[in-house]
Number of protein chains: 2
Amino acid sequence: MTVRRGNTRASILEASVDLFGSRGFAATSLDDIAGRVGVAKQTLLYWFPSKDELLDAVLEQTALELAAVIEAAVRAAADEPLARIEAVVKAVFRPAVRRPALLGLVREVSRLSPDHAERLTMQVQPFVRRATDFLREQMDAGLLRRADPGLVVALAYATVTGIATEPEALRAVEWPATAIGLRRLRGELIAFLLAALRP
Amino acid sequence: MTVRRGNTRASILEASVDLFGSRGFAATSLDDIAGRVGVAKQTLLYWFPSKDELLDAVLEQTALELAAVIEAAVRAAADEPLARIEAVVKAVFRPAVRRPALLGLVREVSRLSPDHAERLTMQVQPFVRRATDFLREQMDAGLLRRADPGLVVALAYATVTGIATEPEALRAVEWPATAIGLRRLRGELIAFLLAALRP
DNA sequence: GTCTTTGTCTACCATGTGGTAGACAGACCT
DNA sequence: AGGTCTGTCTACCACATGGTAGACAAAGAC
């Protein structure tokens, strides 16, 4: 029928993020993705030569997406460190809640081949570097609790990603999955992090 | 040859925790596990009627193991809340580092069927309940920062699990994977959590 | 109007996977 | 010694999955 919507590739990427991120890479078949998109499996293999290269593309796009979000938040925020941290968390929180698979995909990386992990690590490197430098400065200025800046980045990442990608953890403590519950969650998460970082 | 080591079942469970926890359930084949144990695939299916029931057993055993560790730590610790929290984190940290797959498996639950998730949630319920009650008491007594006790449990869980199961995050901040690095990591993790919880 | 390019589809194949059937060897009972 | 039970193995099957080959239809190129 050759509908030629012109966005097949993008649709495939979107569906792939959702499925890889929620079920995991290995548990998602090409047919699953194709079915979700409403297209034949072969069409996927037309746009991406193999499942593995599809994964590459998905990872890269996700990294770019998140990077853009963070970048914008940092630029818009005040220079004061706690405000800046709050801004970043808020910025990440929105897409994370709307599409839990986004961060789920990032987490999935630890399950994948070292190759994929390495590549994503390299891509994230400059952001990490900037964050650690910033934290170190602020710690030196006495505006943040003294700690290893790199580890603080990792810990904050772990906290945000963990809470955003494990709905089971929230269900276990009977947290309401409503809009209000989410806003309160965001507030408590930020309070938690700020308390951990305040001097 | 019928070696009859008497621990085949236990060996299977152990290998399954490692593989399910590190690669993920879907990415692990029965042959993988059998190979690791040094036994034929059919032997697995003799002890566990299906891959799914093997997973059930693995989850249950892991929950029991972790529960025992936490239980012991809580009993041994002083009654002061910060000391108690520190004791629990230290207790969880040891097995988590020695066998990253343990917590990786817990995290894997969010990828599995709601059935499995539900069951594990139920199993963990009493512990969660006790932890939240304890935190609430201590907050009321002014010994901990005022916050939603349930969420604090979830956040602390997310932080510990995240940092323990994502070696990539640590590699990204160039954290040394040595014994000394691990001890310092534990120290910083505890400092991070205590700062977040102190009144 | 023909030709080429682009995007999609329908077979089809090779392989890996979960699971079944049943043989077989040692242990234990009598 | 004979019979049953337990644990392990080999052989096999049905099926899903990633990937290939090639037909086909619409859209430009000229």
Side-chain angles (χ1 to χ4, degrees), chain A residues 1-61 105 108-109 111-113 115-116, chain B residues 1-61 105 108-109 111-116 119:
Chain A
M1 224 175 286
T2 316
V3 179
R4 197 170 309 244
R5 284 163 300 174
N7 58 356
T8 305
R9 198 188 131 100
S11 304
I12 293 173
L13 280 177
E14 195 189 324
S16 300
V17 170
D18 288 347
L19 292 173
F20 288 164
S22 59
R23 300 187 200 168
F25 177 69
T28 304
S29 75
L30 292 183
D31 276 315
D32 288 339
I33 302 171
R36 167 83 63 110
V37 177
V39 91
K41 177 176 63 173
Q42 173 52 22
T43 301
L44 302 204
L45 291 166
Y46 170 78
W47 290 102
F48 307 92
S50 72
K51 194 187 179 187
D52 229 61
E53 297 201 35
L54 170 58
L55 175 62
D56 282 340
V58 166
L59 285 178
E60 189 180 335
Q61 197 209 240
L105 183 62
E108 174 80 357
V109 167
R111 304 235 129 106
L112 303 172
S113 75
D115 257 33
H116 289 112
Chain B
M1 225 178 287
T2 316
V3 179
R4 193 169 311 244
R5 284 163 299 173
N7 56 357
T8 304
R9 199 188 131 101
S11 303
I12 293 172
L13 280 176
E14 194 188 324
S16 300
V17 170
D18 288 346
L19 291 172
F20 288 164
S22 59
R23 300 188 200 167
F25 177 68
T28 303
S29 75
L30 293 183
D31 275 316
D32 289 339
I33 302 171
R36 167 83 63 110
V37 177
V39 93
K41 178 175 62 173
Q42 173 53 20
T43 301
L44 303 203
L45 291 165
Y46 170 77
W47 289 101
F48 307 92
S50 72
K51 193 186 180 187
D52 230 61
E53 298 201 37
L54 170 58
L55 176 61
D56 283 340
V58 165
L59 286 178
E60 190 180 333
Q61 197 209 239
L105 182 63
E108 174 81 357
V109 167
R111 305 235 127 107
L112 303 172
S113 75
D115 255 33
H116 289 113
R119 189 166 332 176

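The chains referred to below are lettered A, B, ... by the order of the sequence lines, with proteins before strands, and numbering in each begins at 1.
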Kindly state which residues belonging to residues 15-29 of chain B come within less than 4.0 angstrom of DNA chain D, counting heavy atoms of the residue only, listed by number. none
Of the non-hydrogen atoms in B:A15 and B:I33, which two are nearest, and what is the gap between them? CB-CG2, 4.2 Å
For B:L44 and C:dT20, give me the distance from atom CG to atom C1', rounded to whole Å. 15 Å
Main-chain N/O of A:V39 paired with A:T43 side-chain donor or acceptor, under 3.5 Å: no
Under 4.0 Å between a side-chain N or O of B:W47 and OP1 or OP2 of D:dT8? yes
Rounded to whole angstroms, how far apart are CG on A:D52 and P on D:dG18? 11 Å
Roughly how many Å is it from CD1 in B:I33 to C1' in C:dT17, rounded to a whole number? 12 Å
Atom pair distance, as rounded to whole Å: CZ in A:F48 and P in C:dT8: 11 Å
Can you see if the side chain of B:T43 gets near the phosphate of D:dG7 - specifically, an N or O under 4.0 Å from OP1 or OP2? no
Between C1' of D:dT10 and NZ of B:K41, the distance in whole Å: 12 Å
Would you please confirm or rule out a distance under 4.0 Å between OP1 or OP2 of D:dG7 and any side-chain N or O of B:T8? no
Give a yes or no answer on whether the side chain of B:Q61 reaches the backbone of B:L13 with a donor-acceptor pair at less than 3.5 Å. no
Please list all pairs meeting salt bridge (Lys or Arg N to Asp or Glu O under 4.0 Å) that have one or both residues in residues 50-61 of chain A, counting only residues at least two apart or in different chains. A:D56-A:R119
For the pair made of CD in B:Q42 and C1' in D:dC13, what is the distance, rounded to whole Å? 13 Å
Distance in angstrom units between B:L30 CG and C:dG19 P, rounded: 6 Å
Which part of the nucleic acid does A:L45 contact within heavy-atom distance under 4.0 Å: base, sugar-phosphate only, or nothing? base
Of all heavy-atom pairs linking B:L44 and B:L30, the shortest is CD1-O, 3.5 Å
Please report the closest heavy-atom contact between B:F20 and A:R111, naming both atoms and the distance. O-NH2, 4.4 Å
If you compare every side-chain N and O of A:Y46 against the phosphate oxygens of C:dT8 (OP1, OP2), does one of them come in below 4.0 Å? no
Should the pair B:D32-B:R23 be classified as a salt bridge under the 4.0 Å nitrogen-to-oxygen rule? yes
What is the distance from NZ of A:K51 to C1' of D:dT20, rounded to the nearest Å? 18 Å
